[in-house]
2 protein chains.
Amino acid sequence: MAVRADGFRLHSFTKEEQWRGPQEERVLTTVISAHPTSRIDHYLRTLKQAGLRITPQRRAICHFLANTNRHPSAYQIFEELAATNPDISRATIYNTLNTLQELGAIVELSFGSDHTHYETNPEPHVNLICLRCQKITDYYGDPGIDMLTARVLADTDFQTAAARIDLVGFCDECRLQRIQEIRDMAKATSDQHKP
Amino acid sequence: MAVRADGFRLHSFTKEEQWRGPQEERVLTTVISAHPTSRIDHYLRTLKQAGLRITPQRRAICHFLANTNRHPSAYQIFEELAATNPDISRATIYNTLNTLQELGAIVELSFGSDHTHYETNPEPHVNLICLRCQKITDYYGDPGIDMLTARVLADTDFQTAAARIDLVGFCDECRLQRIQEIRDMAKATSDQHKP
DNA sequence: CCCATAAGTTGGATTCATTCTAAATTAAAC
DNA sequence: GTTTAATTTAGAATGAATCCAACTTATGGG
């Protein structure tokens, strides 16, 4: 791994056949937020301010990130970009995502899946992550994040670049299914005692 | 992967030589919380309520989780337990951590590192994650989590098992070092123009 | 207390997301 | 334009996490 003077790392990449689609597609409800134009500008400005070059590949990746309200994985980004930009390398996707993550422009989201997904939405919100179906739902309440970051800065001098709030639990549907399953199991057990 | 009637998965494991220690040790400040005894009881009760057996291995893992205030990785847990329990399998560590995670008793924490770390502290708090030195510091403010989860339940019927709040940014020390580096670079650049 | 059996454990093989490498290309400053 | 360090890329390598199939054991019923 190349380590540059400014401390950024550069990585690269892997076997063709090993790239698989997401085993279980992760769909998610998302309320629209922050205008795409301002979002791509934000990403590009972040790169520029760090003294990094704006390449066509990086521009394409930023464009993708700015225009999605899902929580894409590196694979999903590659798959989409490959359609219009067939020569883009997976290494570049990883490089750019890591760089943006290190700059705090996007936030990594992991929830037991194999792939790392990214939070591209700068709008403060809460992620509701279901332990059963893995669905992520964005919730826009008023978590008082600004107040929290201000207090943290005052107390610890920690300067927040991005916030992530996850509530892990069971969505309504899965909670009901869970109850049903427990009933079914109990029934099956008692049935064994009948002729 | 064995999938049981109750939906739990069982996994296993990997090559001996591939187990390495944490490349960069992740130390972290932590304010003590929830009494160990009540924490181990919580873990064991959670397993029992799910209809799972209490094995010596699971008991040992829960004991470890209850008595640490770090954010251990599977490797770290294995390393410690191996001292007193030399025959414990890495597969068992992964199985148990995954199970506890699926039950919401512990929460997975990922932050760009290779290993997955776990949040074992049920006390609601904020993780301050430094983008530069990767240090995690627990911050106990009043994020109003209870209020938030109650509101989420009312609005969406999502039942929260565990909460995770991460603020990603720069700790005081790294922020200062960063400024210094930028100055040094600027100086080096201007020096090139001198004889 | 003992048995039966489904649940859990184990170590070795395997998978595959991510990182590394070194050569080729290119953005951007002069 | 030229120059040069930054970036990209394809292919090789890494290693955390998972799978597998045989073995062991917790636990409930007799």
Side-chain angles (χ1 to χ4, degrees), chain A residues 1-6 8-23 47-48 50-61 73-78 85-99 101 108 110 112-117 185 189 192-193, chain B residues 1-6 8-23 47-48 50-61 73-76 78 81-82 85-99 101 108 110 112-117 189 192-193:
Chain A
M1 171 154 60
V3 177
R4 298 171 18 189
D6 59 4
F8 284 100
R9 295 171 295 140
L10 299 176
H11 342 248
S12 325
F13 214 75
T14 262
K15 259 182 243 160
E16 193 76 13
E17 318 74 47
Q18 294 188 346
W19 267 72
R20 303 289 165 69
Q23 290 81 334
L47 289 171
K48 212 159 223 164
L52 303 176
R53 291 180 181 168
I54 306 302
T55 65
Q57 293 88 337
R58 283 183 176 161
R59 200 182 293 277
I61 293 167
S73 64
Y75 170 78
Q76 291 169 337
I77 296 171
F78 170 76
N85 207 338
D87 289 335
I88 197 163
S89 166
R90 297 169 197 86
T92 300
I93 309 274
Y94 279 107
N95 288 341
T96 303
L97 291 176
N98 284 334
T99 300
Q101 140 95 14
E108 191 187 315
S110 300
S113 158
D114 284 340
H115 299 67
T116 295
H117 290 242
M185 278 201 294
T189 308
Q192 291 180 341
H193 298 282
Chain B
M1 171 153 61
V3 178
R4 297 172 20 192
D6 58 3
F8 284 101
R9 294 171 296 142
L10 300 175
H11 342 251
S12 328
F13 209 72
T14 263
K15 259 184 242 159
E16 195 75 14
E17 317 74 48
Q18 295 187 344
W19 268 71
R20 303 288 164 69
Q23 290 83 332
L47 290 171
K48 211 160 224 165
L52 303 176
R53 292 180 181 171
I54 307 302
T55 66
Q57 293 89 338
R58 283 181 176 165
R59 198 182 294 277
I61 292 167
S73 64
Y75 170 78
Q76 291 168 336
F78 171 75
L81 290 186
N85 208 338
D87 289 334
I88 198 164
S89 166
R90 298 171 196 84
T92 300
I93 308 274
Y94 279 107
N95 287 342
T96 303
L97 291 175
N98 283 335
T99 300
Q101 141 95 15
E108 192 187 316
S110 300
S113 159
D114 284 340
H115 298 68
T116 296
H117 290 243
T189 307
Q192 291 179 342
H193 297 279

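Here is the naming used below: chain letters follow the sequence lines, and residue numbers restart at 1 for every chain.
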Give the rounded distance in Å between these two atoms: [atom1] of [X] and [atom2] of [N].
| X | N | atom1 | atom2 | answer |
| --- | --- | --- | --- | --- |
| A:F78 | D:dT8 | CZ | C1' | 13 Å |
| B:L47 | D:dT27 | CG | P | 11 Å |
| A:R90 | C:dC16 | CZ | C1' | 12 Å |
| A:L52 | D:dA5 | CG | C1' | 13 Å |
| A:Y94 | C:dC16 | OH | P | 13 Å |
| A:Q101 | C:dA17 | CD | C1' | 16 Å |
| A:R58 | C:dA27 | CZ | P | 12 Å |
| B:N85 | C:dT10 | CG | C1' | 13 Å |

Pairs under 3.5 Å (N/O, protein and nucleotides 23-26 of chain D):
residue: D:dA26; atom: N3; partner: B:R53; partner atom: NH1; Å: 3.1

**OP:** Please determine if a side-chain N or O atom of A:S89 lies less than 4.0 Å away from the OP1 or OP2 oxygen of D:dT8.
**Re:** no
Indicate the atoms forming the closest heavy-atom contact of [X] with [Y], along with that distance.
| X | Y | value |
| --- | --- | --- |
| A:I93 | A:F78 | CD1-CA, 4.0 Å |
| B:E108 | B:Q101 | N-OE1, 3.0 Å |
| A:I61 | A:T92 | CD1-O, 4.0 Å |

**OP:** Look only at the side chain of B:N85 and the backbone of B:L81, and say whether a donor-acceptor pair between them is shorter than 3.5 Å.
**Re:** no
**OP:** Indicate yes or no for a side-chain donor-acceptor contact from B:R58 to the backbone of B:R53 under 3.5 Å, with no hydrogens or angles considered.
**Re:** yes
Subject >> A:L97 and A:I77, any side-chain heavy atoms less than 4.5 Å apart >> reply: yes
Subject >> Of the listed nucleotides D:dA10, D:dT8, C:dG11, the one nearest the side chain of B:A91 >> reply: C:dG11
